[in-house]
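Okay, so here's the structure we're looking at.
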Amino acid sequence: MDNDKPGKFYITTPIYYVNARPHIGHTYTTVVCDTIARRQRMMGVDTFFLTGTDEHGQKIERSAAAAGCSPKEFADRVSGEFRSLWERMKITNDDFIRTTEPRHMRGVQAMFTRLQERGFIYKGSYSGQYCVSDELYVDAVGPGAPCPECGRPTETVHEENYFFKLSAMQEPLLKFYAEHPDFIRPETRRNEVVAFVKSGLRDLSVSRTSFKWGIPVPGDPKHVIYVWLDALANYMTAIGYGSDDPADQRKLARYWPADVHMIGKEIVRFHCVYWPAFLLAADLPLPRSIIAHGWLLFEESKMSKSRGNIVRSETILETLGQDALRYFLLREVVFGQDGAFSFDALVQRYNADLANDLGNLSSRTLSMIARYFEGEIPYPSPSESTPADEAIEKLAQQTIADFHAQFEQYQFSRALETAWGLVSAVNKYIVENEPWAVAERDDKDSKARLATILHTAVEALRVVTALVHPVIPEATARIWSQLGLGDIRQLDLRQLGWGQIQAGTKLGKVEAVFPRADKSMIERMQQMEQQRSAESETKTPPEPQPAKSATETTSSKPTLSPTQGDKSGAPAVPEKISAEDFFKIEMRVGEVKVAEKVKGADKLLRLEVDIGSEVRQVVAGIAKAYEPEKLVGRKVVIVANLQPRKLRGLESNGMIVAASLDDGQPVLAGFLEDVPIGAKLK
Ligand code: MSP
């Protein structure tokens with residue numbers, strides 16, 4: 001993570017397409033960047049962290065048409081979901097760029113003009129096949145021929161286009177890669193890119209006339225600028241490229257070039273070939289590194305909307321919390337490789353590493369200090385020190401050095417393993433030194449020994465807490481304040497060393513940080529996820545489907561294909577179900593007897609519904625659309641044979657049937673005629 005503008009660090013995520021709602025695949029990239037950004041700030045570096053949404057192109061134009069709204073309305077809604085998810089997760093991005101913003105559009109046009117003026121863009125014509133999904137012209141023959149990259153049917157187009165002289169950039173690119181061995185990481189991706197460029201580059205069409213939803217070519221508005229040129233430029237437009245404002249120009253001079261473009265491996269070609277080629281042609285500095293990570297797999301394939309194997313971050317945030325998700329993603333996935341997600345693995349990791357190891361270390365150390373030393377960090381006594389204490393000190397020092405080194409090398413999983421090595425060693429040290437037994441001996445030496453043990457344990461806890469703060473920010477902030485150390489954000493990580501905790505420091509209120517998750521949590525999360533995906537099917541339309549099941553699943557596949565994830569696999573349309581399946585669902589007419597808001601949940605109402613045979617408690621997510629008072633006496637339809645589940649600690653026995661509008665607003669199902677309570681729907 002070196003740079004030659006010392007003291008600054010600029011990191012970006014890809015800007016996410018708005019044709020799919022955020023899932024934990026997107027969260028993965030964002031969390032990795034957020035963790036790096038947080039750590040850089042703790043190391044005293046002036047950090048700028050950018051994320052945003054990619055909103056132009058035919059795919060989005062079509063998705064919007066299918067959803068019956070304008071592309072802008074469509075983009076506003078999904079972009080808003082990304083933004084609010086990151087806010088909820090307390091992601092520390094410094095800006096959020098949307099490609100439909102004027103500052104971006106202006107910057108893209110400036111870049112296009114610059115490339116044109118420098119002689120790298122010319123007008124030509126193209127006849128052939130076009131893949132809408134990949135937004136690429138492809139070598140395929142005949143109408144409807146499958147795209148060689150993703151397998152979806154291509155469309156025949158005859159277009160007059162602007163072309164970028166990519167062919168002229170072959171040698172400059174190869175020279176650049178050779179001079180900057182760390183430009184593309186990991187090594188395997190770098191090798192793929194070099195081989196691809198060596199195999200020859202053809203000029204790239206950088207405008208389209210076949211659709212309108214894009215940034216017009218300056219002076220020739222029947223053309224819109226190619227989506228990838230538009231999208232890639234975000235990394236510069238967000239920090240002021242194309243603006244005359246001196247403040248923007250200062251910002252650009254301060255932060256560009258980016259230090260890290262973090263991407264998923266499927267968009268390597270765009271970032272490692274096209275983007276540097278545009279920048280070389282425009283005579284602009286190139287980013288320092290492009291880092292491609294692997295995919296998060298769910299049920300053994302890449303999580304994607306079209307496969308329907310998506311997990312949303314919200315489910316995990318509402319159950320185990322954001323730290324659990326962050327820790328899991330960084331600990332469980334070996335960075336650079338594909339990693340599998342499952343609720344089982346998540347809960348297991350959470351319980352083992354957070355609730356047990358770190359949670360126990362923190363709660364027992366702090367509660368013993370509270371009990372035996374009236375909540376004040378005790379003075380260690382050198383005369384009572386043993387080799388075991390020294391071993392912990394040595395290990396802690398080694399842990400600090402190793403953790404930093406591994407983190408700098410993007411080995412997040414190993415760095416966390418290193419930190420947890422210290423956690424386990426201290427837990428073992430506590431068990432072996434039995435402070436509770438020492439406390440029972442009422443002599444001076446024992447008191448001094450007890451002080452030394454607890455001082456050692458608490459110092460190690462402080463070291464681990466500081467190191468892992470960028471990964472699990474909320475819990476560590478709480479432990480830090482329980483340690484009596486105030487606001488962890490004030491900590492300078494460069495100064496972290498052994499022996500810095502001040503004896504006499506008064507602990508804050510000691511409480512458990514990671515409540516244990518029981519088995520039922522897994523089922524609960526699965527149910528929540530099912531409900532979410534059922535709801536979301538009504539919100540964003542399915543994407544066009546491929547003609548054949550294509551590429552993505554394992555990390556061994558070459559990834560220079562321009563497929564952009566989310567685009568292959570099983571149809572999104574649910575399978576047809578039999579009448580028998582349908583009859584398994586018991587729907588009944590009920591009458592609302594009691595309706596009230598649920599404390600702390602602005603979307604939920606607690607209802608008591610009379611369904612003839614009994615009165616059911618149902619918790620429904622309709623509070624934003626219905627005043628509770630107005631529901632009492634109203635007839636509703638309820639799914640009566642759903643397994644009960646708990647929401648905000650309340651058992652919900654059934655589901656109220658409602659239409660879900662595009663903006664997520666529910667509208668309750670009802671009847672024009674009067675129907676008796678308990679009547680069955682079929
Ligand atoms: N809009 C383009 C990127 C333009 S950047 C100038 C795009 N968008 S995307 O919505 O498809 O997001 C792609 C990125 O989201 C991936 O490169 C990756 O960072 C992240 N991920 C999406 N699904 C993912 C997984 N299942 N696993 C890991 N990361 C995933 O491509």
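Counting starts at 1 for both ligands and their atoms, in listed order. Atom set for the values below is all heavy atoms of this structure, side chains included, hydrogens, waters and symmetry mates excluded. Because the structure is a prediction, the values reported are computed rather than measured. Starting from 1, each residue takes its place in the sequence as its number.
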Ligand 1 N/O within reach of N234 N/O, cut-off under 3.5 Å: no
For ligand 1, the portion of H271 having any non-hydrogen atom under 4.0 Å away: side chain
Donor on one side chain, acceptor on other, H271 and Y235, under 3.5 Å: yes
Ligand 1 atoms in contact with A231 (distance to a heavy atom under 4.0 Å): 6 (C)
Under-4.0 Å heavy-atom contact with ligand 1, by part of W228 that carries it: side chain
Minimum non-hydrogen distance to atom 4 (C) of ligand 1, winning option of T13, T27, T99, I15: I15
Residues D259, R288: salt bridge by 4.0 Å N-O rule: yes
Salt-bridge present (R190, D182; N to O < 4.0 Å): no
Under-4.0 Å heavy-atom contact with ligand 1, by part of L296 that carries it: both
Residue pair T53 / Y17, side-chain donor-acceptor N/O under 3.5 Å: no
Residue among D95, D248, D245 satisfying salt bridge (charged side-chain N to carboxylate O under 4.0 Å, His left out) with R103: D95
From N93 atom CG to W86 atom CH2, the distance as rounded to the nearest 0.5 Å: 9.0 Å
Any N/O pair P14/ligand 1 closer than 3.5 Å: no
Atoms of ligand 1 close to H293 [distance to a heavy atom under 4.0 angstrom, numbered from 1]: 18 (C), 19 (O), 28 (C), 29 (N)
Close side-chain approach of L279 and P285, heavy atoms under 4.5 Å: no
Y235 N/O to ligand 1 N/O under 3.5 Å: no
Ion pair check, E192 and R189, cut-off under 4.0 Å: yes
Subset of ligand 1 atoms that lie under 4.0 Å from at least one heavy atom of D54: 1 (N), 2 (C), 4 (C)
More than 12 heavy atoms from other groups under 6.0 Å of CZ on R202: no
Candidate with minimal heavy-atom separation from atom 18 (C) of ligand 1, of T29, T53, T30: T29
Atoms of ligand 1, numbered as shown, that sit under 4.0 Å from any heavy atom of G294: 28 (C)
Which of the ligand 1 atoms, numbered from 1, are nearer than 4.0 Å to a heavy atom of G264: 16 (C), 17 (O), 18 (C), 19 (O)
Winner among F270, Y17, W295 once heavy atoms are compared against atom 8 (N) of ligand 1: Y17
